[in-house]
Amino acid sequence: MKPTRLEKILYRLEAQCACFDWVFDQIKNEPGVVFEIGLGLGRTFNHMRHYLPDRTILAFDRKMSAYPDCMPEEDEIIFGELAETLPKAAQAYKGQVVLAHSDIGSFDREQNKMIAELVSANLLPALAPQGLIMSDLPLNIAQTERLALPEGAREDRYYLYRRV
Ligand SMILES: C[S@@+](CC[C@H](N)C(=O)[O-])C[C@H]1O[C@@H](n2cnc3c(N)ncnc32)[C@H](O)[C@@H]1O
């Protein structure tokens with residue numbers, strides 16, 4: 001049976017939490033920067049800030065709609081269209097990103113396809129060797145391998161990649 005919208009949200013959040021637990025453990029001894037691509041309401045930024053208190057985390061969005069208690073500091077946010085900001089940031093932080101969390105999907109399939117292509121085309125230079133990507137949309141990035149989801153995340157509810 002097809003999942004309902006409520007179940008889709010539940011499975012997505014369940015997978016997000018399980019993937020965050022896993023990636024936090026993977027990067028705990030790896031220095032480097034974290035990208036939050038899609039700040040939105042700031043829920044996942046807030047989660048990362050809480051569990052990665054000493055990391056540089058840079059959040060991308062075209063607008064500020066984060067809850068007041070989930071807002072990044074001024075120097076932690078890169079405002080603008082990803083088509084412009086991501087290629088620039090990927091060069092500015094070349095090879096430094098140990099974790100990129102891309103959370104930019106919506107219920108618009110065409111838009112999802114376009115934005116996944118944009119992220120796929122521009123993120124690679126930023127990734128550190130073995131750098132990880134957590135994504136709400138499937139990505140197609142050269143020099144990365146898709147990883148199995150950790151326990152607690154249902155298949156295809158989130159996507160994990162590692163630079164090889
Ligand atoms: C699903 S929300 C992010 C949810 C967020 N991670 C959270 O946990 O609250 C997606 C965000 O991506 C931003 N976004 C989508 N496409 C974008 C683009 N092309 N350029 C900049 N921001 C974009 C939207 O403005 C939106 O705030």
Side-chain angles (χ1 to χ4, degrees), residues 3-27 32-53 55-93 97-127 131-141 147 149-150 152-154 156-161:
T4 64
R5 280 204 180 215
L6 183 65
E7 286 163 343
K8 280 187 189 170
I9 292 170
L10 171 68
Y11 299 162
R12 178 168 171 274
L13 296 181
E14 190 181 70
Q16 252 182 352
C17 276
C19 288
F20 273 127
D21 286 350
W22 186 82
V23 295
F24 292 160
D25 188 56
Q26 293 290 306
I27 68 168
V33 173
V34 173
F35 277 4
E36 166 73 328
I37 304 171
L39 173 67
L41 296 173
R43 291 168 297 203
T44 50
F45 176 83
N46 173 260
H47 190 72
M48 291 198 285
R49 184 39 79 230
H50 182 80
Y51 287 101
L52 304 173
R55 288 272 175 186
T56 297
I57 306 177
L58 295 166
F60 296 75
D61 212 299
R62 56 164 66 107
K63 61 184 192 310
M64 174 53 77
S65 38
Y67 296 121
D69 62 339
C70 298
M71 272 189 202
E73 299 294 328
E74 259 178 44
D75 59 355
E76 292 176 316
I77 175 126
I78 298 178
F79 279 120
E81 286 301 309
L82 285 170
E84 286 186 17
T85 56
L86 192 55
K88 280 190 198 155
Q91 288 306 319
Y93 292 91
V97 172
V98 283
L99 169 63
H101 174 228
S102 178
D103 188 12
I104 26 90
S106 65
F107 284 111
D108 182 335
R109 277 193 190 185
E110 273 310 300
Q111 179 60 26
N112 285 350
K113 195 166 168 278
M114 276 168 44
I115 198 83
E117 282 171 7
L118 195 154
V119 172
S120 296
N122 290 291
L123 186 55
L124 181 66
L127 289 180
L132 293 168
I133 305 168
M134 252 181 80
S135 176
D136 65 332
L137 297 173
L139 302 176
N140 181 10
I141 307 186
L147 304 175
L149 294 181
R154 285 165 224 243
D156 291 340
R157 295 295 154 185
Y158 234 70
Y159 301 88
L160 276 177
Y161 303 90

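Reckoned from all heavy atoms, side chains included, excluding hydrogens, waters and symmetry mates. Counting starts at 1 for both ligands and their atoms, following the listed order.
For atom 5 (C) of ligand 1, the nearest non-hydrogen atom of the protein is Leu39 O, 3.2 Å. For atom 24 (C) of ligand 1, the nearest non-hydrogen atom of the protein is Asp61 OD1, 3.4 Å.
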CA sep, side-chain torsions, deciding dist, call: Leu127, Leu132, side chain to side chain contact (heavy atoms under 4.5 Å, CB included): CA-CA 8 Å; Leu127 289 180; Leu132 293 168; over 6 Å; no
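In the vicinity of Lys63, heavy-atom distances shorter than 4.0 Å reach the ligand 1 atoms 25 (O), 27 (O). Under a 4.0 Å criterion applied to the non-hydrogen atoms of Gly105, ligand 1 contributes the atoms 1 (C).
With sequence neighbours excluded, no residue forms a side chain to side chain donor-acceptor pair (under 3.5 Å) with Arg43.
Between His47 and ligand 1 there is no heavy-atom distance shorter than 4.0 Å. Using a 4.0 Å cutoff on heavy atoms, Gly80 counts as a contact of ligand 1. Residue Cys70 places every heavy atom at 4.0 Å or more from ligand 1.
The heavy atom nearest to atom 9 (O) of ligand 1, considering only Leu118, Leu41, Asn112, Thr44, is found in Leu41.
Judged by the 6.0 Å distance and 45° axis criteria, Arg157 is not positioned over the aromatic ring of Tyr11.
For His101, no heavy-atom contact with ligand 1 is shorter than 4.0 Å.
Between the side chains of Gln16 and Thr44, no donor-acceptor pair is found at a separation under 3.5 Å.
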